[in-house]
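Just so you know, residue 1 is the first one in the sequence shown, and it goes up from there. Computed over heavy atoms, backbone and side chain alike; hydrogens, waters and symmetry mates excluded.
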Amino acid sequence: MSAPLTSRTREADWLRWLASGLALLGICIAAYLTYVHYDDAQVLCTGGGGCEKVQKSEYSKLAGVPVALMGLLGYIAIFAASWIRSEAAALAAAGLAIGGAGFSYYLQYRSFVTLDAHCVWCMGSAAVMTVLALVTTIRALRYPT
């Protein structure tokens, strides 16, 4: 017999679903950017065409690994951790999202200041990761399991 649904359980489940949905959105963005990188395709870009400049810049890789691929793996890990009911998984999801948001801010700085280019895909991913960091942190602090 399962435990009755309380408002606490419903809120915890809502945060889990929200984190999962945001992670899926991030997976879609990062998967597209990873595909573009490996296929050497032109990025579909609005707002001035800065996406191509950002995708081809020295900041698009870290130690030879495309940052889009790192983002994809990070979003997948956050998605998976969102569905594991443990304190360690909740903390892992929050830590990954906070780290991802911090790295996204660094990349946005490089994009805007160093490259003077604006990639809407990258800004979208940074926005998703920021909200994901908030949601997973709230979940980890209030509902660790």
Side-chain angles (χ1 to χ4, degrees), residues 6-145:
T6 63
S7 62
R8 181 175 172 80
T9 304
R10 281 191 295 272
E11 186 174 333
D13 285 345
W14 184 83
L15 288 170
R16 181 184 321 278
W17 279 100
L18 181 58
S20 297
L22 288 165
L24 281 175
L25 179 57
I27 287 169
C28 291
I29 294 169
Y32 171 69
L33 292 175
T34 301
Y35 163 77
V36 166
H37 172 83
Y38 283 111
D39 193 49
D40 203 27
Q42 185 172 354
V43 185
L44 297 175
C45 191
T46 60
C51 298
E52 194 72 25
K53 185 175 182 180
V54 172
Q55 278 289 101
K56 302 288 184 197
S57 79
E58 65 185 279
Y59 302 104
S60 68
K61 292 183 183 176
L62 181 64
V65 179
V67 294
L69 178 59
M70 291 178 195
L72 177 60
L73 296 174
Y75 281 121
I76 290 169
I78 293 166
F79 179 82
S82 295
W83 289 101
I84 299 171
R85 293 184 186 266
S86 75
E87 185 174 357
L91 289 172
L96 285 166
I98 291 167
F103 190 56
S104 292
Y105 302 151
Y106 165 75
L107 293 173
Q108 289 302 299
Y109 169 80
R110 288 296 180 196
S111 173
F112 280 76
V113 176
T114 306
L115 300 173
D116 193 28
H118 310 93
C119 173
V120 293
W121 294 101
C122 302
M123 290 186 291
S125 181
V128 168
M129 192 60 84
T130 298
V131 178
L132 197 49
L134 292 170
V135 170
T136 56
T137 299
I138 291 168
R139 181 178 162 250
L141 294 174
R142 293 185 68 181
Y143 312 100
T145 57

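Annotation for Ala90 and Ala140: closest pair O-CB, 3.6 Å, computed over non-hydrogen atoms. Between Arg85 and Asp13, the shortest heavy-atom contact is NH2-OD1, 3.4 Å. Minimum heavy-atom separation, Ile78 to Ala23: CG2-CB, 4.4 Å.
At least one donor-acceptor pair under 3.5 Å links the side chain of Lys53 to the backbone N or O of Leu115. One N or O on the side chain of Glu52 and one on the backbone of Val43 form a donor-acceptor pair closer than 3.5 Å. In this structure, Ser125 contributes its side chain and Cys122 its backbone to no donor-acceptor pair below 3.5 Å. Of the possible polar contacts, one joining the Ser111 side chain to the Ala117 backbone as a donor-acceptor pair under 3.5 Å is found.
Separation of atoms CG (Leu33) and SG (Cys51) is listed at 8.0 Å; rounding is to 0.5 Å. Taken to the nearest 0.5 Å, the CG atom of Leu91 stands 9.5 Å off from the CZ atom of Arg139. Atoms CG and CE, from Leu107 and Met123 in turn, are 13.0 Å apart once rounded to the nearest 0.5 Å. To the nearest 0.5 angstrom, Thr114 atom OG1 is 5.0 Å from Tyr109 atom OH. Annotation: the span from Met129 atom CE to Thr136 atom OG1 amounts to 9.0 Å, rounded to 0.5 Å.
For the pairing with Val135, the side chain to side chain contact (heavy atoms under 4.5 Å, CB included) check across Ile138, Thr137, Val131 returns one residue only, Val131.
For residues 87-106, no residue pair satisfies the salt bridge (charged side-chain N to carboxylate O under 4.0 Å, His left out) rule, not counting sequence neighbours. Within the structure, no pair that satisfies the salt bridge (charged side-chain N to carboxylate O under 4.0 Å, His left out) test touches residues 112-129, not counting sequence neighbours.
With sequence neighbours left out, the side chain to side chain contact (heavy atoms under 4.5 Å, CB included) criterion links Asp40 to Lys56. Not counting sequence neighbours, the partners of Leu72 by the side chain to side chain contact (heavy atoms under 4.5 Å, CB included) test are Ile27, Ala30, Ala31, Thr34, Leu69, Ile76. Under the ring-ring contact (aromatic ring centres under 6.0 Å, His included) criterion, Tyr32 pairs with Trp121, sequence neighbours left out. Residues that satisfy the side chain to side chain contact (heavy atoms under 4.5 Å, CB included) test with Trp83, not counting sequence neighbours, are Arg16, Trp17, Ser20, Phe79.
Under a cut-off of 6.0 angstrom, the local environment of OH in Tyr35 is sparse, with at most 12 non-hydrogen atoms contributed by other residues, nucleotides or ligands.
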Arg110 and Val54: CA distance, side-chain angles, deciding distance, side chain to side chain contact (heavy atoms under 4.5 Å, CB included) verdict: CA-CA 9 Å; Arg110 288 296 180 196; Val54 172; over 6 Å; no

Worked check of side chain to side chain contact (heavy atoms under 4.5 Å, CB included) between Tyr105 and Thr130: CA-CA 9 Å; Tyr105 302 151; Thr130 298; 2.9 Å; yes

Worked check of side chain to side chain contact (heavy atoms under 4.5 Å, CB included) between Val36 and Gln55: CA-CA 9 Å; Val36 166; Gln55 278 289 101; 4.0 Å; yes

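Taking 4.5 Å as the limit, some side-chain heavy atom of Phe103 sits within range of a side-chain heavy atom of Leu62. Residues Tyr143 and Leu15 meet the side-chain proximity criterion, which asks for heavy atoms closer than 4.5 Å. Side-chain contact between Tyr75 and Leu132: present, with at least one pair of heavy atoms (C-beta onward) separated by less than 4.5 Å.
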